[in-house]
Amino acid sequence: ANTVDVTGTLRLPVRILDRRGMPILRPLPVTWATTGPGGATVTPDGVLTATAAGPLDVTASVEGVSGATSVLVNQFGAIAVGGQSCALRA
């Protein structure tokens, strides 16, 4: 599963295949959508920026064909306490 901390980024690669399973090499525009209690934005080139903790589904669509993946957004990465860093997870 893909995981990222709030405010972190995650690259979501997209492979576009024709009906025979061969890669399409010409650039095609990808439309992104996210759903779920977690929050994120995705740039046209597939860089997700997490905005709210929780699970979410990310869907990429090209010319009416879609594929999806799941992402878990964690609330905290690390926090400094008394000069020492410690990991916290929600």
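Just the heavy atoms: all of them, side chains too, but no hydrogens, waters or symmetry mates, feed the values below.
With sequence neighbours excluded, no residue satisfies side-chain contact (heavy atoms from CB on, under 4.5 Å) with T7. Not counting sequence neighbours, P44 has no partner by the side-chain contact (heavy atoms from CB on, under 4.5 Å) test. Remark: T9 engages no residue in a side chain to side chain donor-acceptor pair (under 3.5 Å) (not counting sequence neighbours).
M22 is not connected to I24 by any chain of hydrophobic side-chain contacts under 4.5 Å among Ile, Leu, Val, Met, Phe, Trp and Tyr, and they are in different clusters. No chain of hydrophobic side-chain contacts below 4.5 Å, direct or via other Ile, Leu, Val, Met, Phe, Trp or Tyr residues, connects L28 to L25. Residues L12 and V65 fall into different hydrophobic clusters, defined by Ile, Leu, Val, Met, Phe, Trp and Tyr side chains chained together at heavy-atom separations under 4.5 Å.
A heavy-atom distance below 4.5 Å is found between the side chains of L72 and N74.
Membership of an apolar cluster is not assigned to L17, as no side-chain contact below 4.5 Å to another ILVMFWY residue is traced.
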In a table with atom names and distances, give each donor-acceptor pair under 3.5 Å that connects a side chain of residues 47-58 to protein atoms at least two apart or in another chain.
unit_1	atom_1	unit_2	atom_2	d
T51	OG1	G39	O	3.2
T51	OG1	A40	N	3.3
D57	OD1	S70	OG	3.1

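Sorted by first and then second residue, the salt bridge (charged side-chain N to carboxylate O under 4.0 Å, His left out) pairs with a member in residues 19-43 read D18-R20; sequence neighbours excluded. Every pair passing side chain to side chain donor-acceptor pair (under 3.5 Å) that includes a residue from residues 30-44 is listed here, sequence neighbours excluded: T43-D45.
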